[in-house]
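Each residue takes its place number in the sequence, starting with 1.
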Amino acid sequence: NDFINDDKKIVLTLDSRLQKVAFNILSKQVKKWNAKKGLAIVMKVNNGEILSLASIPSYNPNKFWEYNQEIFKGWYLQDLFEPGSTFKPINLALALEEKVIKKNGFVEDSGNIYVGGWSLSNWNKKGNGSITYPKVLQVSSNVGMVKIMQNLKPITHWNWYKKLGLDKNLNTDLFESTPGQLKPKDIFINQPIEQAVASFGKGFSISPIKLAQLHAILANGGYEVFPHVTFDFQLNSKNLKKNKVFSDEVSKIILNWMETVVEEGSGNGAKIVDYRIGGKTGTSQKAINGIYSEKKTCSFVAVLPIDKPKYLVFVLIDEPNKPYAYGSTVAVP
């Protein structure tokens, strides 16, 4: 009789067709850019259901003994990276929540800025003049971000990072996640350079899945959701109170700004006629033993459709090994 009842099945949220498509496209792109590894994730923003989670390099599970064990690791949860510009929309949401900026304001971007004795500049070393906040995202202005976030008290900024759980394990049914790394509170508060680089996604690191989770929260109107691949996870977490992280209003403003990135900014390659998509590109240099190297991580996060977000697509390609590698050229396609 015991045998009859023992029919628990693992039911996955994955869509096998989408998984195959994502895997094939990702393989081509990783090969094309001669990259070290790549990730493509498609997730429902309202409940954290993962429809596709493709990562390269991969292996054939039927012959797993033929592969190096290093490949079995879920690096998208266990390896940390500096998100760079894909984190800019999250920071802008904090500035709006704290009312230190108004949605139709401007910021002066001269191309570089001195903070605590350090010189910080835009990716192309050029200034953009007086620009709107959506424009800051379109051209991915670092200087604009530094100036915007300087309106926020460093302690408030740091407390938000704690509230967003940047340094905590992610609640998920995928194996152990690595908590992100934040600078200690006193350093973040007392050294202005820390808040400055954090404003454009540097100086702290999180797992790729954590970044996807934060964008899903922003997209769904501000409710905390957890990325997962089994329906069991959902049943077990039904009783979790859904934390409200961002207000509806702030969520809508940021989504509209992200739409302009696809319409007329660095995410232009993701545009689909008659379909509303928002996004943000990122290109960040990798720090190796504390020193920024020539190696890069290129990423792109997209949310669709913008008027009623359902899905999030996140692509990350690590260490593309050819010239002109940016989020826009490597991850967006």
Are [Y] and [X] connected in a single hydrophobic cluster, I mean Ile/Leu/Val/Met/Phe/Trp/Tyr linked by side-chain heavy atoms less than 4.5 Å apart?
X: V30; Y: Y76; result: no
X: L18; Y: I272; result: yes
X: Y223; Y: V303; result: no
X: F23; Y: I41; result: no
X: V229; Y: L77; result: yes

Answer whether the closest heavy-atom distance between the side chains of [X] and [Y] falls below 4.5 Å.
X: W257; Y: L96; answer: yes
X: I10; Y: D232; answer: no
X: S205; Y: F81; answer: no
X: V143; Y: N128; answer: no
X: N122; Y: D109; answer: yes
X: P89; Y: I254; answer: yes
X: S266; Y: V261; answer: yes
X: N46; Y: V225; answer: no

Is it the case that the side chains of [Y] and [X] hold a donor-acceptor pair, with the cut-off being a distance below 3.5 Å and no angle test?
X: S177; Y: K168; value: no
X: S85; Y: K88; value: yes
X: Q150; Y: K147; value: no
X: E97; Y: W160; value: no
X: S284; Y: K202; value: no

[atom1]/[X] to [atom2]/[Y] distance, rounded to the nearest 0.5 angstrom?
X: I306; Y: I277; atom1: CD1; atom2: CD1; answer: 8.5 Å
X: K28; Y: I56; atom1: NZ; atom2: CD1; answer: 11.5 Å
X: W33; Y: T329; atom1: CH2; atom2: OG1; answer: 4.0 Å
X: K135; Y: S130; atom1: NZ; atom2: OG; answer: 12.0 Å
X: H157; Y: I189; atom1: NE2; atom2: CD1; answer: 12.0 Å
X: E98; Y: K153; atom1: CD; atom2: NZ; answer: 9.0 Å

Test side chain to side chain donor-acceptor pair (under 3.5 Å) applied to Y161 and N91, step by step: CA-CA 9 Å; Y161 281 4; N91 276 325; 2.7 Å; yes

Evaluation steps, side chain to side chain contact (heavy atoms under 4.5 Å, CB included), between L94 and L164: CA-CA 10 Å; L94 310 185; L164 295 175; 4.3 Å; yes

Might you point out which heavy atoms bring [X] and [Y] nearest each other, and give the distance in Å?
X: N47; Y: H228; answer: O-CE1, 2.9 Å
X: G203; Y: E82; answer: N-OE2, 3.4 Å
X: A219; Y: P309; answer: O-CG, 3.4 Å
X: Y114; Y: S119; answer: CE2-CB, 3.5 Å
X: P208; Y: D79; answer: CD-O, 3.4 Å
X: K37; Y: P57; answer: CB-CD, 3.7 Å

Worked verdict on I131 versus V107 for side chain to side chain contact (heavy atoms under 4.5 Å, CB included): CA-CA 5 Å; I131 50 175; V107 63; 3.9 Å; yes

Mark yes or no for whether [X], through its side chain, and [Y], through its backbone, hold a donor-acceptor pair below 3.5 Å.
X: D318; Y: K36; answer: no
X: H215; Y: T86; answer: yes
X: T281; Y: G267; answer: no
X: S299; Y: V315; answer: no
X: K210; Y: L80; answer: no
X: D173; Y: T230; answer: yes
X: K244; Y: G221; answer: yes
X: N60; Y: N62; answer: yes
X: S55; Y: L39; answer: no
X: E224; Y: I217; answer: no

Ring-ring centroid check F204 F188, cutoff 6.0 Å: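 No: the rings miss the under 6.0 Å criterion.
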
Just wondering, more than 12 heavy atoms not from [X] lying within 6.0 Å of its [atom1]?
X: E264; atom1: CD; answer: yes
X: F64; atom1: CZ; answer: no
X: F175; atom1: CZ; answer: yes

Side chain to side chain contact (heavy atoms under 4.5 Å, CB included) assessment of F233 paired with L174: CA-CA 10 Å; F233 180 86; L174 293 149; over 6 Å; no

F246/I253 under side chain to side chain contact (heavy atoms under 4.5 Å, CB included): CA gap, chis, key distance, verdict: CA-CA 11 Å; F246 299 112; I253 294 170; over 6 Å; no

Pair R276 + E259: basic N to acidic O under 4.0 Å: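 Looking at R276 and E259, the cut-off is met.
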
Quiz item: cation-pi between K102 and Y133, 6.0 Å / 45°: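 Checked: cation-pi criterion not met.
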
Candidate list L152, V115, I155, test side chain to side chain contact (heavy atoms under 4.5 Å, CB included), partner Q195, passing option: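 In the set L152, V115, I155, the residue that makes a side chain to side chain contact (heavy atoms under 4.5 Å, CB included) with Q195 is L152.
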
For E49, all residues meeting salt bridge (Lys or Arg N to Asp or Glu O under 4.0 Å), sequence neighbours excluded: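 E49 satisfies salt bridge (Lys or Arg N to Asp or Glu O under 4.0 Å) with K44 only.
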
